[in-house]
Amino acid sequence: MSRGKVIVTGGCGYIGSHTTVELINNEFEVVIFDDLSNSKEFIIDRIYQITGVKPIFEKVDLSNPIEADMVYKKHSDAHSIINFAAFKAVGESVEKPIMYYKNNLYTLINSIEAQKKYEIKNFIFSSSATVYGNPDILPITEKFQTKRAFSPYGNGKKIAEEILEDFNKAFSNFKTISLRYFNPIGAHESGLIGELPNGVPNNLLPYVTQCAAGVLKELQVFGDDYNTKDGTPIRDYIHVVDLAKAHVKALERMILDNMEDNYEVYNLGTGKGVTVMDVINTFEMVTNKKINYKITHRRKGDVQALYASSEKAKNNLDWEAQLSLKDMIETSWNWEKSYRCI
Ligand code: UFG
């Protein structure tokens, strides 16, 4: 029996597609809203191949209020919205701030306006660890003060969280959970869905896999003069399937009316700090492939170390990351190979 309809905006994208699979596996009916600006429609067929269920698909630009209203009206029998639809290239957002604020915040505002109008009770927002800036103490808990992020992309996440907090203060019959992702990597074990970066990737792991696949020549390691064990920055890499499962847990918390407040935030990480060199060394060990890399200057805006305390998610959502760095790298590499038919 279906557990009701969930709208997944950006459901053809990297985290959206993995979350759609987990929702379907947990008997939810999924409707995907996506403008395909940074994703591919064939992902819908791949979701079908994995789950045996084809989600309903609406191609729509949610930053346009008329288009957004039309699709939300059509699917106003949904009980929940999970909002992934956003531009996500940090560097590009520095070059094109208006484009980023306009797309990401208009999409959010049009979605919560429709949520209110059509009484869609629950909302999950994909936020980011970037809202913590450069913390002095680690691991990061949700009690830490949020800071203005270096990039318009990151600052947009902070502003979005504030908009959602205000919305939920004003309208107590709605519920929102913001999930602050640390560094999602990995792919579905089937090799059928994974990250599909537009052009040259900005993030570490897709860059590494494309180097190993021979698409890119050389990885630049941005700085080895940080105060860490090998001088390279520390991040909390988390498997995208673990992350996707956390969305189902958050949804269940809202549906079961278990929330302490109608606006809650959770960190999603493993709690383990890993350096850039750890990632490269583990990749070489797992895949038996050498990565051609060179140490260069620090990247502007990068922070030394970020890793999460996920205690709150463990206690309230009954969720904990299960998969290891080795699993993340293996599945990313499988996805890269299957996508490129290597
Ligand atoms: N790195 C390299 N070379 C590369 C790419 C990355 O050395 O070619 C290094 C970076 O300097 C950093 C680490 O790898 O130390 C991770 O970089 P990513 O770009 O993969 O990830 P970030 O931590 O910079 O950014 C991620 C998400 C953002 C989010 C941010 C929050 O991509 O969406 O975490 O901290 F805002």
Side-chain angles (χ1 to χ4, degrees), residues 10 13-16 38 84 86-94 100 104 125-135 138-140 144 146-161 178-186 195 197-212 215-240 243 267-270 272-283 291-308 325 328-329 332:
Y14 176 42
I15 304 172
N38 193 16
F84 295 104
F87 293 158
K88 60 174 186 181
V90 177
E92 185 185 49
S93 79
V94 177
Y100 267 70
N104 294 0
F125 178 65
S126 61
S127 189
S128 164
T130 194
V131 300
Y132 294 117
N134 196 355
L138 292 161
I140 301 164
F144 281 34
T146 60
K147 293 184 191 152
R148 193 202 189 289
F150 160 76
S151 69
Y153 160 80
N155 197 42
K157 292 286 184 197
K158 180 172 177 287
I159 296 168
E161 284 197 13
S178 287
L179 298 174
R180 293 175 177 163
Y181 311 151
F182 280 67
N183 288 61
I185 58 172
E195 188 167 8
N198 233 350
V200 179
N202 299 295
N203 296 115
L204 180 63
L205 204 68
Y207 210 105
V208 168
T209 55
Q210 289 196 17
C211 276
V215 179
L216 296 168
K217 280 206 174 70
E218 182 184 66
L219 168 74
Q220 293 186 50
V221 173
F222 298 133
D224 69 348
D225 56 351
Y226 290 91
N227 187 18
T228 63
K229 65 172 187 187
D230 56 28
T232 62
I234 291 173
R235 295 289 181 273
D236 186 342
Y237 297 93
I238 173 163
H239 200 298
V240 67
L243 200 75
N267 287 342
L268 297 181
T270 62
K272 291 188 198 94
V274 166
T275 67
V276 173
M277 285 314 301
D278 287 332
V279 172
I280 296 172
N281 294 334
T282 311
F283 187 91
I291 297 298
N292 183 24
Y293 71 87
K294 164 175 104 189
I295 310 285
T296 60
H297 51 82
R298 291 183 178 197
R299 185 171 67 178
K300 217 173 151 192
D302 272 353
V303 299
Q304 176 163 290
L306 277 182
Y307 55 92
L325 182 63
M328 302 179 211
I329 287 175
S332 289

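Both ligands and their constituent atoms are indexed starting at 1 by order of listing. All heavy atoms count here, side chains included; hydrogens, waters and symmetry mates do not.
Every atom of ligand 1 is numbered from 1 in the order shown, and the set under 4.0 Å from a heavy atom of Thr130 is 31 (C), 35 (O), 36 (F). Numbered from 1 in the order shown, with element, the atoms of ligand 1 that lie under 4.0 Å from a heavy atom of Asn202 read 5 (C), 19 (O). Near Leu306, the atoms of ligand 1 lying under 4.0 angstrom from a non-hydrogen atom of the residue are 35 (O). Ligand 1 places these atoms under 4.0 Å from at least one heavy atom of Pro233: 15 (O).
Within the 4.0 Å heavy-atom criterion, both parts of Leu204, backbone and side chain, lie near ligand 1. With a 4.0 Å heavy-atom cut-off, ligand 1 is reached by no atom of Leu205. Under 4.0 angstrom from ligand 1, there are no non-hydrogen atoms of Arg298. Contacts with ligand 1 closer than 4.0 Å are made by side-chain heavy atoms of Asp302 only, the backbone lying farther away.
Of all heavy-atom pairs between Val276 and Thr232, the closest is N-OG1, 3.3 Å. Between Ile291 and Ala212, the shortest heavy-atom distance links the atoms CD1-CB, 3.9 Å. Nearest heavy atoms, Tyr181 versus Ser126: OH-CB, 2.8 Å.
Tyr100 and Glu92 form a side-chain donor-acceptor contact under 3.5 Å, judged by distance and modelled atom types alone. A side-chain donor-acceptor contact under 3.5 Å links Asp236 and Thr270.
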Candidate pair Asp230 and Thr275, rule side-chain hydrogen bond (donor to acceptor under 3.5 Å, both in side chains), full reasoning: CA-CA 8 Å; Asp230 56 28; Thr275 67; 2.7 Å; yes
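Judged by distance alone, the side chain of Lys147 and the main-chain N or O of Asn134 form a donor-acceptor pair under 3.5 Å. At distances below 3.5 Å, not a single donor-acceptor pair connects side-chain atoms of Asn155 with backbone N or O atoms of Ser151. The backbone N or O of Asp225 lies less than 3.5 Å from a partner atom in the side chain of Arg298, making a donor-acceptor pair. Asn292 places no side-chain N or O within 3.5 Å of a backbone atom of Leu219 that could act as its donor or acceptor partner.
Comparing Phe222, Tyr207, Tyr237 by heavy-atom distance to atom 4 (C) of ligand 1, the nearest is Phe222. Ranked by closest heavy atom to atom 33 (O) of ligand 1, the top entry among Phe150, Tyr132, Tyr153 is Tyr153. Between the choices Asn183, Ile234, Val303, the shortest heavy-atom distance to atom 34 (O) of ligand 1 belongs to Asn183. Considering each of Gln304, Arg235, Arg299, Glu218, the one bringing a non-hydrogen atom nearest atom 17 (O) of ligand 1 is Arg299.
Of all protein heavy atoms, the one lying nearest to atom 9 (C) of ligand 1 is Val276 CG2, 3.7 Å. The closest protein non-hydrogen atom to atom 3 (N) of ligand 1 is Gln220 O, 2.7 Å. Scanning all protein heavy atoms for the shortest distance to atom 32 (O) of ligand 1 gives Asn203 ND2, 2.7 Å.
Of the polar atoms of Val221, none of the N or O atoms is found under 3.5 Å from an N or O of ligand 1, judged by distance alone. Below 3.5 Å of separation, one finds no N or O of Ser128 facing any N or O of ligand 1.
Not close to ligand 1: Lys88, with no non-hydrogen atom less than 4.0 angstrom away.
A side chain to side chain donor-acceptor pair (under 3.5 Å) with Ser127 is found for one member of Arg180, Glu161, Lys157 and no other, namely Glu161.
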